[in-house]
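Notes follow once the structure below has been shown.
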Amino acid sequence: MVWPLNIKDAKAVQEGLRHKVKIFPLSKQPRYIAAADAAFIDDKIIAAVCVYKYQGIEYLEHEIVVRKITFPYIPGYLTFREGPAIVEAIKKLKTIPDVIIFDGQGIAHPKGLGIASHIGVLLDMPTIGCAKSRLTGTFKEPGQRKGQWSRLMCNGKTIGAVLRTRDNVRPVFVSAGHKIDLKTSVDIIVHCTGNYRIPLPQRCADMIAKSVKKDLGKRV
DNA sequence: GCGACAG
DNA sequence: ATCTTGTCGC
């Protein structure tokens, strides 16, 4: 798997993959669900991906990958910065997840190819984008109660959902990644939500990445 | 040219 | 994302 190292090549890659994204409902309820996230320290990126059993949201396993950063953070090109390490971590898993949640957008992206959609196409797996803030699109503030959501719009099209995962807290931005649709994505995110704003598997990946970062920091 | 801008 | 202490609120 080759990754571009500059904006020019990255744009070409996005152009070649953007039309390969497929949106349709998940055929069956997932058995295993995973989530990925990353942390940074010096010139390295720490990718963490954890797998949960969908029924009852039970933790099963996690994998970690640490490698050098090869691309800067540029809005709209997050995949090229975090994708390489995250994909490696996903490939190390013993349990193949039925759907993967990403900390970022799915199709709610300027080119319709956020990190969730991009990696979904690369791995040919169902993926969901669950970002903590908006990248593109307009919306009305959703109701203040957990579970309430409003549509994220772009050119008259619904590209995602602004979902309240807890009462009176900032909403998250959910969008279909690949091989799934918005309704199913929202249902899954709601199912994975405990008493925190961030879905449990995603929160787990975040904590693991940060914990590894802490260890790498105190090099003994 | 100006403002926006996932992590 | 990351840098950072205490602090207000459920």
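Chain letters run A, B, ... following the sequence lines, proteins first and then strands; every chain starts at 1.
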(message) Can you tell me which nucleotide in B:dA6, C:dT2, B:dG7 comes closest to the side chain of A:Ala39?
(response) C:dT2

(request) Take the protein atom CG of A:Asp42 and the nucleotide atom C1' of C:dC3, then report the distance between them rounded to whole Å. (result) 14 Å

(message) In the structure I gave you, are the side-chain heavy atoms of A:Leu122 and A:Trp3 within less than 4.5 Å of one another anywhere?
(response) yes

(request) Could you state the atom-to-atom distance from CG of A:Asp103 to P of C:dT2 in whole Å? (result) 11 Å

Tabulate atom names and distances for all N/O pairs under 3.5 angstrom spanning the protein and nucleotides 5-9 of chain C.
none

(message) Nearest whole Å is fine: how far is B:dC5 P from A:Lys111 NZ?
(response) 16 Å

(request) Evaluate the side-chain proximity of A:Cys130 to A:Pro199: yes if any heavy-atom separation is below 4.5 Å, no if none is. (result) yes

(request) Round to a whole Å and report the spacing from NZ of A:Lys210 to P of B:dG7. (result) 11 Å

(message) In this structure, which stretches of DNA chain B are paired as stems of three or more consecutive Watson-Crick or G-U pairs, both distances less than 3.5 Å?
(response) none

(request) Please report, rounded to the nearest Å, how far the C1' atom of B:dG7 is from the CG atom of A:Leu78. (result) 5 Å

(request) Starting at CD1 of A:Ile33, measure out to NE2 of A:His191 and round the result to the nearest 0.5 Å. (result) 7.5 Å

(message) Check this for me, if you would: do A:Asp37 and A:Lys210 make a salt bridge, where the nitrogen-to-carboxylate-oxygen distance has to be below 4.0 angstrom?
(response) no

(request) Report yes or no: do A:Arg197 and A:Thr165 form a side-chain donor-acceptor pair below 3.5 Å? (result) no

(request) Classify the side-chain pair A:Asp187/A:Thr184 by whether it contains a donor and acceptor separated by less than 3.5 Å. (result) no

(message) Closer than 3.5 angstrom, by distance alone: can the side chain of A:Lys213 be matched with the main-chain N or O of A:Phe40 as a donor-acceptor pair?
(response) yes

(message) Output the rounded distance in Å from CD1 (A:Ile7) to P (B:dC5).
(response) 18 Å

(request) Could you list by number each residue of residues 133-151 of chain A showing a heavy-atom separation from DNA chain B of less than 4.0 Å, or answer none if no residue does? (result) A:Ser133, A:Arg134, A:Leu135

(message) Is A:Tyr73 stacked against the base of B:dG7, taking the criterion as centroid distance under 5.5 angstrom and interplanar angle under 30°?
(response) yes

(request) Could you check which of C:dA1, C:dT2, B:dA6 has an atom nearest any side-chain atom of A:Lys213? (result) C:dT2

(request) Mind calculating the distance between NE2 (A:His109) and C1' (B:dA6) to the nearest angstrom? (result) 8 Å

(request) Taking only Lys NZ, Arg NE, NH1 and NH2, and the carboxylate oxygens of Asp or Glu, determine whether A:Arg145 and A:Asp167 approach each other closer than 4.0 Å. (result) yes

(request) Kindly say if A:Lys132 contacts the phosphate of B:dG7, meaning a side-chain N or O under 4.0 Å from OP1 or OP2. (result) yes

(request) Please determine, by modelled atom types, if A:Ser150 and A:Glu141 share a side-chain donor-acceptor pair under 3.5 angstrom. (result) no

(request) Without swapping roles, check the side chain of A:Ser175 against the backbone of A:Gly160 for a donor-acceptor pair under 3.5 Å. (result) no

(request) Describe the nucleic acid contact of A:Gly76 in one word from base, sugar-phosphate, nothing, applying a heavy-atom distance below 4.0 Å. (result) base

(request) Considering only NZ, NE, NH1 and NH2 on the basic side and carboxylate oxygens on the acidic side, decide whether A:Lys111 and A:Glu15 come within less than 4.0 Å. (result) no

(request) Indicate yes or no for a side-chain donor-acceptor contact from A:Arg67 to the backbone of A:Ala85 under 3.5 Å, with no hydrogens or angles considered. (result) no

(message) What is the separation between atom CD on A:Glu82 and atom P on B:dA6, rounded to the nearest whole Å?
(response) 12 Å

(message) Applying a 4.0 Å non-hydrogen cut-off, can you work out what A:Tyr77 is touching in the nucleic acid: base, sugar-phosphate, or nothing?
(response) base

